[in-house]
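First up is the structure itself, then whatever we jot down about it.
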Amino acid sequence: MKPAAFSYHRAHDVADAVGLLTELAAAGGDPKVIAGGQSLMPMMTFRLARPSALVDLGPLRRVPSMAAISSDGDQLTLGALVTHHAVETAALPDGFGVLSRAMRWVGHLPIRSRGTVAGSLVHGDATAEWCLLALLLDAVVVTEGPGGRREIPAAEMFHGFYATAVEPDEVVVAVRFTRPAPHAALAEFARRHGDFAIVDAAVALDVAGDTVTGGRVVLGGAAPAPVRVAEAEAVLARGGPAGDALFAEVAAAAAAAIDPPDDAQTTAAYRRRLTRTLVADACREAAGGAR
Ligand SMILES: Cc1cc2nc3c(=O)[nH]c(=O)nc-3n(C[C@H](O)[C@H](O)[C@H](O)COP(=O)(O)OP(=O)(O)OC[C@H]3O[C@@H](n4cnc5c(N)ncnc54)[C@H](O)[C@@H]3O)c2cc1C
């Protein structure tokens with residue numbers, strides 16, 4: 001299929017993009033920004049999205065902060081147009097290596113070379129690796145809109161099925177990760193290599209010597225939006241030796257806590273089973289890697 005008709009506009013800087021979005025909406029349209037196009041174009045060709053106008057952020061790659069990876073103390077900032085592949089191949093500061101390692105799970109190389117961090121977060125697929133990583137590492141999504149700059153903590157970002165806190169007239173300019181996690185991993189299962197996951201699990205462990213003292217567990221595919229699982233995190237907070245016994249308990253707590261969907265892809269029971277396996281796998285990998 002072909003997309004429904006739309007007008008096309010190139011933004012030259014962030015203010016220009018916000019101005020175009022505001023102007024086109026005021027004229028009665030339903031404009032959308034396009035970054036890598038790796039989610040929006042398929043949605044448009046299947047006519048699941050019919051924006052009246054596209055505001056292309058491509059030229060903003062020349063704005064240094066929009067495509068830059070930078071760090072300051074314990075924080076890592078990615079410009080909105082940083083691609084999945086740029087993160088996959090970057091030498092990230094200590095505590096953020098999980099971002100690079102997780103990128104191999106995102107689609108295929110051509111998709112990773114065009115798709116952007118902000119595009120993934122705004123698209124808000126419940127299994128998108130960036131959405132899980134944002135919750136795992138306390139990301140803050142920075143937007144510019146007609147009302148100025150806004151900072152959205154990851155905990156307030158994901159509202160449900162493909163719904164996020166970013167307003168239609170806002171442009172994400174950067175994503176700041178504020179919680180380094182030297183012991184972190186993401187594990188997932190997809191039907192075919194490069195597909196979105198059926199279930200994915202991201203885990204960060206607080207480790208002292210050989211003992212786990214706390215941590216975070218985030219799941220995709222368990223609910224309409226990515227979720228932290230308090231019941232599994234409570235097991236980690238109780239602590240214990242880093243090993244299979246503890247990790248099996250964390251995984252069982254996660255699987256018991258969720259109420260996953262039964263849909264055309266698979267059953268709720270299978271998602272629960274995958275959760276159990278993947279949380280344990282992610283815990284093991286997180287305990288092993290101190291990068
Ligand atoms: C075959 C295939 C497999 C894939 N597999 C995976 C996978 O396994 N995991 C995964 O996470 N993704 C996967 N993707 C999606 C891919 O990661 C996309 O790159 C990503 O979802 C969107 O990024 P984008 O830059 O292409 O955004 P676009 O497609 O350009 O935009 C997506 C949405 O974000 C909005 N948007 C984009 N940038 C901004 C901004 N700066 N400010 C405000 N709004 C913005 C757009 O308006 C649109 O609503 C897959 C895609 C394909 C085609």
Side-chain angles (χ1 to χ4, degrees), residues 3 6 8-9 11 13-14 16-18 20-22 24-25 29-46 48-61 63 65-67 78-88 99 102-134 141-145 149-150 152 157-158 162-175 186-200 202 220-221 226 265:
F6 60 90
Y8 174 80
H9 310 262
D13 55 32
V14 173
D16 189 27
V18 173
L20 281 165
L21 287 173
T22 310
L24 291 161
D30 169 28
K32 261 188 178 298
V33 301
I34 183 161
Q38 299 303 295
S39 290
L40 186 53
M41 284 318 297
M43 301 270 291
M44 287 173 67
T45 49
F46 284 112
L48 297 169
R50 290 170 177 243
S52 60
L54 290 184
V55 174
D56 190 351
L57 299 185
L60 273 67
R61 288 186 203 282
V63 176
S65 64
M66 287 293 280
L78 305 180
L81 296 177
V82 167
T83 62
H84 313 315
H85 184 59
V87 174
E88 184 177 18
L99 299 178
M103 287 303 103
R104 72 193 150 104
W105 295 110
V106 180
H108 305 275
L109 182 60
I111 291 158
R112 296 200 292 274
S113 301
R114 284 182 166 273
T116 63
V117 177
S120 236
L121 290 168
V122 177
H123 184 60
D125 187 290
T127 62
E129 290 77 6
W130 278 113
C131 298
L132 273 67
L133 294 164
V141 177
V142 184
T143 66
E144 289 276 356
R149 185 164 278 234
R150 201 159 71 95
I152 308 168
M157 176 72 181
F158 307 108
Y162 295 108
T164 71
V166 176
E167 298 292 342
D169 57 1
E170 286 182 311
V171 174
V172 176
V173 293
V175 185
L186 185 146
E188 75 176 55
F189 179 79
R191 233 178 262 285
R192 298 173 307 188
H193 172 72
D195 282 359
F196 273 98
I198 293 176
V199 170
D200 43 6
Q265 268 217 81

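What you see is a predicted model; the values in this text were computed from it and never measured. Each ligand, and each atom within it, is numbered from 1 in the order the structure gives.
The nearest protein atom to atom 3 (C) of ligand 1, hydrogens excluded, is given as Gly194 O, 3.4 Å; this is a heavy-atom distance. Scanning the protein for heavy atoms near atom 51 (C) of ligand 1, the closest one is Gln38 O, 3.6 Å. For atom 13 (C) of ligand 1, the closest non-hydrogen atom of the protein is Phe196 CZ, 3.1 Å. At the shortest separation from atom 31 (O) of ligand 1 among protein heavy atoms lies Leu40 CB, 3.9 Å. The nearest protein atom to atom 45 (C) of ligand 1, hydrogens excluded, is given as Val33 CG2, 3.2 Å; this is a heavy-atom distance.
Nearest to atom 20 (C) of ligand 1 by heavy atom, out of Ala197, Gly115, Cys131, Ser39, is Ser39. For atom 25 (O) of ligand 1, the candidate residues are Ile111, Leu60, Thr116; the nearest heavy-atom contact is made by Thr116. The closest non-hydrogen atom to atom 23 (O) of ligand 1, taken over Pro110, Ala102, Gly119, Gly37, comes from Gly119.
Ligand 1 has no N or O atom lying under 3.5 Å from any N or O atom of Val106, backbone or side chain. The N/O atoms of Ala80, backbone and side chain alike, include none that comes under 3.5 Å of an N/O atom in ligand 1. An N or O contact shorter than 3.5 Å is missing between Pro42 and ligand 1 by distance. Between Glu188 and ligand 1, not a single N/O pair is under 3.5 Å apart.
Residue Val171 is tested with Val55, Leu57, Asp16 for a side-chain contact (heavy atoms from CB on, under 4.5 Å); the sole match is Leu57.
Residue Glu129 has at least one heavy-atom neighbour below 4.0 Å for each of these atoms of ligand 1: 7 (C), 8 (O), 9 (N), 10 (C), 11 (O).
Contact analysis puts His84 in contact with ligand 1, with a non-hydrogen atom separation below 4.0 angstrom. Contact analysis leaves Trp130 out of contact with ligand 1, as no non-hydrogen atom separation drops below 4.0 angstrom. Look at Asp125 and you'll find every heavy atom at least 4.0 Å from all atoms of ligand 1.
With a 4.0 Å heavy-atom cut-off, ligand 1 is reached by the backbone of Glu170 but not by any atom from C-beta on. At a heavy-atom distance under 4.0 Å, only backbone atoms of Asp195 (N, CA, C or O) approach ligand 1. For Trp105, every heavy-atom contact with ligand 1 shorter than 4.0 Å involves the backbone, none the side chain.
Tyr162 is linked by a ring-ring contact (aromatic ring centres under 6.0 Å, His included) to His123, counting only residues two or more places apart in sequence or in another chain.
Under the 4.5 Å side-chain criterion, counting only non-hydrogen atoms from C-beta, Leu133 is in contact with Met103.
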